J.: 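My questions will all concern the structure given below.
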Amino acid sequence: MRVIVESSPEQVARTAATFVASLVRRKPACVLGLATGSTPLGLYKELIRLHREEGLNFSQVTSFNLDEYVGLEPSHPQSYRYFMQTNFFQHINIDARNTHVPDGRALDFEAHAEQYERRIKEAGGIDLQVLGIGSDGHIAFNEPGSSLGSRTRLKTLTSETVRDNARFFEHIDEVPRLALTMGVGTILESRRCLLLACGKHKAEAIRATVEGPVTAQVTASALQLHRDVVAVIDDDAAGNLYRRDYYREVEQAQQALQAGKIKFGG
Ligand code: PGA
């Protein structure tokens with residue numbers, strides 16, 4: 001796993017945006033996997049800026065979101081469809097028909113989940129999956145104990161996640177206990193994963209993800225099995241990493257290599 005440690009959440013957003021923007025420029029009809037939550041907000045702001053100021057073109061992009069609460073209307077201010085519309089989609093030129101968020105009101109969740117998986121395949125698979133991480137180490141809503149081979153399905157949220165997410169609702173009792181979520185196996189099939197984390201409250205989950213054993217108790221640790229994961233995190237989220245200095249050295253060496261400062265041969 002490539003670990004890039006940045007000095008601030010703003011820099012995390014800028015660096016993450018360069019990965020997304022370079023893919024969109026290189027492959028205009030790419031498939032993006034998108035995430036909700038506080039962490040990717042800075043990334044979306046930066047992509048909106050690149051769209052407005054540099055003409056970054058999303059017209060051919062297809063997107064699939066990781067998850068959605070069960071029971072919330074798309075127009076509910078806490079639904080993830082609403083989050084994506086207001087924080088990203090309505091500010092760029094993506095075609096609304098190409099944006100996919102699981103439907104938390106589906107009558108037959110199993111059939112809907114299967115259809116979601118099929119749509120991802122029909123679109124050619126996800127080129128780049130943006131991921132946040134829960135303080136319990138979840139990716140999407142794959143709570144501790146989720147199968148590392150899981151596919152899109154219904155999941156019960158842990159009380160830790162419900163507590164974490166209660167800040168967006170008026171009362172904790174309003175937080176849905178169920179969500180439809182891509183599985184760990186679905187996420188691992190993306191061609192590249194871009195994991196973002198900021199803040200001290202993520203430091204332990206990041207340590208377990210990057211340096212702990214691969215375990216279903218920390219579903220983000222399954223990313224160690226993926227061949228192309230870039231974790232962009234801030235200093236606070238990197239606070240518990242044992243090999244933090246080494247990750248910095250790797251990035252410095254990469255930059256020197258790209259700048260032609262490292263020469264090979266006699
Ligand atoms: P956050 O959520 O970005 O709001 O911290 C991340 C997550 O739970 O996956």
Side-chain angles (χ1 to χ4, degrees), residues 6 8-13 15-17 20 32-47 64-70 72 77-84 86-88 101-102 104 126 128-146 150 152 155-169 172 174-184 186-188 190 193-210 216-223 229-240:
E6 299 290 7
S8 65
E10 292 72 28
Q11 196 50 48
V12 166
T15 300
V20 178
L32 296 178
L34 299 176
T36 51
S38 310
T39 315
L41 275 176
L43 163 65
Y44 297 145
K45 281 206 182 89
E46 181 61 12
L47 289 173
F64 287 91
N65 262 77
L66 287 169
D67 43 20
E68 178 62 285
Y69 288 121
V70 164
L72 298 193
Q78 302 315 332
S79 79
Y80 286 169
R81 166 55 81 175
Y82 185 90
F83 176 103
M84 292 310 298
T86 52
N87 290 300
F88 194 35
V101 181
I126 292 170
L128 181 128
Q129 177 65 62
V130 176
L131 296 165
I133 185 169
S135 58
D136 65 1
H138 69 209
I139 40 173
F141 273 134
N142 293 288
E143 299 289 35
S146 294
S150 51
T152 303
K155 198 70 203 168
T156 306
L157 308 189
T158 61
S159 47
E160 190 174 349
T161 298
V162 170
R163 262 197 318 275
D164 282 352
N165 291 0
R167 67 189 193 278
F168 300 112
F169 292 80
I172 191 163
E174 289 173 21
V175 184
R177 266 39 182 190
L178 289 173
L180 258 171
T181 180
M182 274 190 211
V184 180
T186 321
I187 293 167
L188 290 179
S190 311
C193 294
L194 186 62
L195 175 68
L196 311 179
C198 297
K200 283 194 174 56
H201 60 303
K202 298 293 173 71
E204 190 44 35
I206 284 294
R207 189 206 58 75
T209 296
V210 178
Q217 291 305 312
V218 178
T219 53
S221 69
L223 294 172
V229 177
V230 184
V232 188
I233 62 180
D234 73 352
D235 272 323
D236 285 340
N240 292 0

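Remember, it's 1-based here, ligands and their atoms both numbered in the order they're listed. Note that the coordinates shown come from a computational prediction; the quantities given were computed from them, not determined experimentally.
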J.: Provide the number and element of each atom of ligand 1 under 4.0 Å from a heavy atom of G37.
T.: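 Listed by number with element, the hits are 3 (O), 4 (O).
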
J.: Return the closest protein heavy atom for atom 2 (O) of ligand 1 as residue, atom name and distance.
T.: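 So the nearest neighbour among protein heavy atoms is K202 NZ, 4.2 Å.
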
J.: How long is the gap from OG1 on T15 to CG on L194, to the nearest 0.5 Å?
T.: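 Answer for the OG1-CG pair, T15 versus L194, is 9.5 Å.
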
J.: Quick one: do E160 and R163 make a salt bridge, cutoff under 4.0 Å?
T.: no

J.: Go through it in stages, so that I can follow the logic: the residues are N65 and T36, the test is side-chain hydrogen bond (donor to acceptor under 3.5 Å, both in side chains), and I'd like the CA-CA distance, side-chain angles, deciding distance and then a yes or no.
T.: CA-CA 8 Å; N65 262 77; T36 51; 5.2 Å; no

J.: Would you say K202 and T39 make side-chain contact, with heavy atoms under 4.5 Å?
T.: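 Yes, side chains in contact.
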
J.: Would you call the rings of F141 and Y69 parallel, tilted or perpendicular, where under 30° means parallel and over 60° means perpendicular?
T.: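 Tilted: the ring planes of F141 and Y69 meet at 30° to 60°.
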
J.: For ligand 1, is R167 a contact, meaning one of its heavy atoms is under 4.0 Å away?
T.: yes

J.: Dump the intermediate steps for side chain to side chain contact (heavy atoms under 4.5 Å, CB included) on R177 and V162, then the final yes or no.
T.: CA-CA 7 Å; R177 266 39 182 190; V162 170; 3.5 Å; yes

J.: Is N165 close to ligand 1, meaning an N/O of one under 3.5 Å from an N/O of the other?
T.: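 No; the residue has no nitrogen or oxygen that sits under 3.5 Å from a nitrogen or oxygen of the ligand.
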
J.: Go through the steps for Y44 and M84 under the test side chain to side chain contact (heavy atoms under 4.5 Å, CB included), then give the verdict.
T.: CA-CA 9 Å; Y44 297 145; M84 292 310 298; 3.8 Å; yes

J.: Checking a contact table here: which protein heavy atom is nearest atom 6 (C) of ligand 1, and how many Å away?
T.: I133 O, 3.4 Å

J.: Give me the nearest non-hydrogen protein atom to atom 7 (C) of ligand 1 as residue plus atom name, then the distance to 0.1 Å.
T.: H138 NE2, 3.4 Å

J.: Side chain, backbone, both or neither: which part of H201 has a heavy atom under 4.0 Å from ligand 1?
T.: neither

J.: Purely on distance, is any nitrogen or oxygen of T36 under 3.5 Å from one on ligand 1?
T.: no

J.: Could you tell me the residue and atom name of the protein heavy atom closest to atom 3 (O) of ligand 1, and the distance to it rounded to 0.1 Å?
T.: T39 OG1, 2.4 Å

